[in-house]
Structure formats: structure tokens, C-alpha cells
Amino acid sequence: MKLASGIALKGAEIKYIDRSSFGADVAVTFPLLLQEKGSAEYIKTVVPEILKTLSSNSIIKKAEQKGIYLNILLEDKYIFSSVSSILDPESKFGTTTKNSGKTAVVDYSSPNVAKHLHAGHIRSTIIGHVLSNIYAATGFEVHRVNHINDWGGFGFLLAMYDRYSEKETEYENKNDFLFFLYGQYRAIEEAEKEEWEQLKVEAGELFRKLERGEDREKVLWQKMVSWSLLEFQKFYDKLGIVFDAVTGESAYVKEGAELVNQWLMEGRAVIENGAAIVRFGSDEKDVLVVRRSDESTIYSTRDLAAIKFRMEAFNPTRIAYEVGQEQGDYFRRLFGTARFLRLVEKETELLHVYHGFYVNAESKKKLSSREGAEGVTRLFDLSEKYFLEKYDRHEDMDLKSRKEAARLVALGSIIYHDIKKDRKLPVELSADISKTIEEFEMSGGAYIIYTAARARSIVRKFEGEFPKIDEVSLDGLSNQELNLIKKMNELPKTVDRAEQFSEPSVVAEYLLRLAQDYNSYYESTPILEKDGRVKSPHSLIITAAIARTLEVGLSICHIKIPDRV
């Protein structure tokens, strides 16, 4: 925390508190010393000794012991001066160096070719991208990876294409044609046992041809993959999501197969019932199948090859997979196997950062893949329309500006609705889509955006030279204003905490509380006269800092602020 750095107490845990309630601005403890000395000695000797060292600190107005705490009252001028680092564009406010020198690979979105993006992929995309921003804000060099399933199950799609190729021309959207093929083979799987057994043999042969790289199957596969990638990109463009790498599972087929052969030769993998498996622990559940009995690769083969590649290419300190909660056991086994096979360094973290499902708000049941895809993607367009209707009242804004503002508020509201609470909890969507859109607006994202835009607007309306921070009079500086400044200074620590738990809601909740606090202040404290003159220079500076803090925090959450709202 920039504001607290002036206290310079090694090993201190510093928390901002309300001056009007506690008569102090920060409460300080020393957890390691408390644990080492025990509470009695800590209170009797350690805290009083530290108190003596603070007597000559010019930024401290008063310090006193309160049990295990040191309550410190700071000089108003020192608190106010911290605003300079918030407003300085070179200060990189909102970021920390906590993880400087470390590298993180974040694997998220990861849709399946031939299927529509379903709700889980949408949640993974939003949470994964925000999580990447949080990691980067704490010093990580982040590599954002979209690992697309463009290989598994393709034997069945090739078989279905051979049966229904004449229908391709009936579909303007070719990914819909792929989804039709997918539906056909799933229908056979569910209904016709004998035909399904025949199809499995046919699909298996076609898949082996594809793995051998035979021309016909390879060309058809490439065409199918391109159809899905084009459809996926529309969604990413809508959200403004850009990946550092979009890599299909197919990139790891050859090396994955070679690795399995190597593990078998070394005795680290064994053959059971024809399949290659790895036993990575003493429990009977500590096993992972790494190759089918017909010697074709499976997703675990390719995931392990991908881990090996990422270690060699990026030397990451952390590899995080943002994938739904239902994959928990698979990732436990994948990570255990990767460590057993020494594909990762001991110090490398392997994280499964999971999210809860989208559920029907009325029935509380998980949305099906099709409901999730169609319902959520449709919400983007309808949300924009909803907010655009609100912008019709801005007669001084041209249509282009109104549309852009509506788009940003709609997207911001959807993103915020997705990250506002613990990622592990379900997110409810009403069957009544208009009700869901209203819930997006009420969840807080639009409120924070409006607050940031309002603060920007006040600064923009000010006429004259912007007051200098070190020259303004602090007469009349209130506890409410001091608390706002302290609250703004919490952003870096908040981002650190969000990184520690891989939890975007920590930042989302902080931004909502800051917006609420500023709006209470704005309602009670006029900042500008009607003619644009400033009533209180220090309040204008605080307002500018609020705009900057909300902008930085929203940016970490992948939310942009329109010029006007």
C-alpha cells in the first residue's frame, strides 16, 4: 500500500480504519512476532518497544497501543499527498511487484470444435481473462492461452460427414452444420446399439487415418476446424478478448504419442487391458489413462504434452486452468501424473481454477449446453438494445456515441454480473430474458461505470488550471474525504488478495464499495459551482483520483468506461 509505505515497519500487517470510529487511520499488527513471542510477551514488551521507534516519524500525529494493535493517526497532509501517486500515469497505480520475475500461463475458454460455445465456456472466458489481468497486475508475465479441442471425437464427425455431406450447402453458418453432424452421431449413440457399435468401428478407423496424417481426412479436418474458429472469433470480438496463443489439441498429438512410448520404455507407464496408464500415487484412484487400447491418443495424452511444451517455452511459475467444477477429479489426476513424470518443476504451481454453473433462476437447475449458448449470447444483443433505449434521452449525443456507450455499459454489466461473487458459486439467469437484463443492470456493474463516468465528467467540466496537490489548502478536509483516500489506496492490496485466491470477486466487491462511498460523498459535498468554478480544490482532486481508481480497477475487470453516460 503506497500510503502505508511511509510507516516502514518490517513484517507489519497494516489495515486502514475509520478515523471517526477509532481515532486513528491505520491499525498495525506483527503476525510473525505475535506467533514467535506469544500474546502476553508481545503485548507487554514488543508493542511498547515498537511504539518508541515511531516517536520521531514526521508523518505520524499520534500512535497508541490497543491490545495487540498499534493504532496510528497520520498527518492529514501525508494522507492527502498519496493522491499524487494515484493520478500520476507513470506510477502504475493499482499494480504491485509481488510476483515480479514470475511467469503464469492461463488456459481458459477452450471451446470444442463442432459445438456451440456453451455457458461454461462463456464463464471460463470471462473469469479466465479477468484472472489473467489480476495476475499481470501483481507482476506476473502472463501468457493467455486458448487450448481448443480440435481433435477428440473427430472420427465420428468425419464418419457423419461422409453420410451427410450433401447437406453442407443447406447451412449458411457452417458451424451449425458441424453441430448437426455432432447431433446425428449422438442420436445414434443414445438410440441404436447395433448401429452405434458399427459407427465406433468406422469412426475409429477414420480417426487413425487422421492421426497418421492421410490427405483426405486431414484436409476435411482442417476445413471443419476453420468453420468453428470463425464462429468462436465472433464471440471473442464481441467481448474484446485477445489471446496470446490459440492452439488446438492437434498441435500435441505427435509429441503426446511419442511421450507415451517413452514412458512405457522407462516403465513409468504400463499397459493394462490394452490401454497405457500411469499410476502416480499409492491410492487406487491415483491413475490416469494416457492412451487408448487401439493406440490412439486421448485428451490426457495431449494435455500432458501441452504441459511439457509450456514448461519448455515459458518456464512458468504457475499454470492455471479456468475450467468448470465438474473437471476437478480429472485435473487432480492430470497434475499428479505431470509431477510423477517430472514434466514440471517442483516449484511450479498447477491450479484448477473452477467456476460454478449458470443455472435457471426459477428451477435452480444447470442450463443445458444449448440453453447456455443461445441464451447467453443472445443476451449481449438484447442488453445493448436495453441500454441504448436508455440513451435515447441524451439528445445531445449522436447515435454513434449512444450506441458505443450502450455497448460498453451492456458488456460491462454482463462481465460484472459474472464476477461479482465467489467464482465457485452458480450464476442465475432468469427464463424471462428481460428480467435477467434488468438484473445485470442492478448487479452493480452499470452503477460503477456511471460513477466513474460522473467523476470524469466533473473533472472535464472544471474550467481553469487543475489545482496542484502540494499547494491546495486542506482547510475543511473531512473524515469522509480522508476515508475515500484511504479506500483508494487499498486497490493494490485488494488486487494482491484477488491474486492470492485467484478470485476476481475480491476486486469487483471493492469497486462497488468505493463507488457507493463516493456517491454518498458526492450527494453531500458539492464540488463545482454551476458556472464550472470549483468550490473546493481538494475535493476536485479527490474526484479525479476516484475516476482514476475506478478506471484502473474496471480495466483489470476487463470493463471499459464510455466517455459519457
Side-chain angles (χ1 to χ4, degrees), residues 3 76-77 79-89 91 93-94 387 390-391 393-398 401-402 404-406 408-409 412-413 416 441 444-491 510-557 559-565:
L3 176 54
D76 292 358
K77 187 174 182 180
I79 295 176
F80 187 77
S81 68
S82 69
V83 173
S84 61
S85 66
I86 298 173
L87 293 176
D88 180 3
S91 71
F93 175 70
F387 284 104
K390 292 206 160 194
Y391 280 96
R393 65 178 181 267
H394 295 293
E395 296 178 357
D396 56 336
M397 290 176 67
D398 59 59
S401 298
R402 293 203 304 272
E404 177 62 6
L408 293 178
V409 175
S413 296
Y416 189 84
E441 182 180 25
Y447 176 82
I448 300 168
I449 293 170
Y450 292 148
T451 303
R454 168 185 281 176
R456 274 185 179 179
S457 176
I458 291 170
V459 176
R460 194 165 49 233
K461 288 177 182 176
F462 169 67
E463 296 179 358
E465 184 180 353
F466 195 80
K468 290 181 171 58
I469 294 171
D470 57 353
E471 294 179 2
V472 300
S473 169
L474 299 185
D475 290 344
L477 188 67
S478 66
N479 281 342
Q480 188 178 28
E481 290 169 323
L482 290 168
N483 284 333
L484 275 175
I485 296 170
K486 288 186 285 185
K487 189 80 171 178
M488 288 186 273
N489 276 280
E490 289 180 6
L491 178 59
Y510 163 82
L511 293 173
L512 183 58
R513 290 196 303 271
L514 181 61
Q516 290 169 336
D517 289 349
Y518 176 73
N519 278 314
S520 295
Y521 168 67
Y522 174 81
E523 294 297 331
S524 62
T525 309
I527 297 164
L528 296 179
E529 303 280 7
K530 290 183 179 179
D531 61 3
R533 288 181 300 150
V534 67
K535 278 193 172 185
S536 170
H538 68 255
S539 65
L540 181 67
I541 291 171
I542 290 171
T543 294
I546 285 287
R548 171 70 174 154
T549 304
L550 291 176
E551 178 186 5
V552 170
L554 287 170
S555 177
I556 290 171
C557 295
I559 297 173
K560 294 182 178 179
I561 307 166
D563 289 333
R564 285 193 55 193
V565 291

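Each residue takes its place number in the sequence, starting with 1. Quick caveat, the model's predicted, so the values are computed rather than measured. Heavy-atom basis, side chains included; hydrogens, waters and symmetry copies ignored.
For Tyr522, the OH atom sits in a loose shell: 12 or fewer heavy atoms of surrounding residues, nucleotides or ligands are nearer than 6.0 Å. When the shell of 6.0 Å around CG of Asp88 is examined, it contains more than 12 heavy atoms from other residues, nucleotides or ligands.
Ring pair Phe466/Phe462 is perpendicular by interplanar angle, where above 60° counts as perpendicular and below 30° as parallel.
Within the 4.5 Å cutoff, side-chain heavy atoms of Gln480 are placed close to those of Thr525.
Remark: Glu471 pairs with no residue by the side-chain hydrogen bond (donor to acceptor under 3.5 Å, both in side chains) rule, at least two apart or across chains. For Leu408, the side-chain contact (heavy atoms from CB on, under 4.5 Å) partners are Glu404, Lys560, Pro562, not counting sequence neighbours.
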Apply side chain to side chain contact (heavy atoms under 4.5 Å, CB included) to the pair Phe387 and Glu441, showing each step before the final yes or no. CA-CA 9 Å; Phe387 284 104; Glu441 182 180 25; 3.9 Å; yes

What verdict does the side chain to side chain contact (heavy atoms under 4.5 Å, CB included) test give for Tyr521 and Asn483, after you've listed the backbone C-alpha separation in whole Å, the side-chain angles of each residue and the deciding distance to 0.1 Å? CA-CA 10 Å; Tyr521 168 67; Asn483 284 333; over 6 Å; no

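Once rounded to the nearest 0.5 Å, the distance linking OG of Ser84 with CG of Asp470 reads 8.5 Å.
When atom types are taken as modelled, the side chain of Arg460 and the backbone of Asp563 share a donor-acceptor pair closer than 3.5 angstrom. Here the side chain of Ser457 pairs no donor or acceptor atom with the backbone of Ala453 at under 3.5 angstrom. For the pair Ser91 (side chain) and Leu87 (backbone), a donor-acceptor distance under 3.5 Å is absent.
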Below 3.5 Å, can you tabulate the donor-acceptor pairs from side chains in residues 544-557 to any protein atom, sequence neighbours excluded?
unit_1 : atom_1 : unit_2 : atom_2 : d
Arg548 : NE     : Ile86  : O      : 3.4
Thr549 : OG1    : Ala545 : O      : 2.8

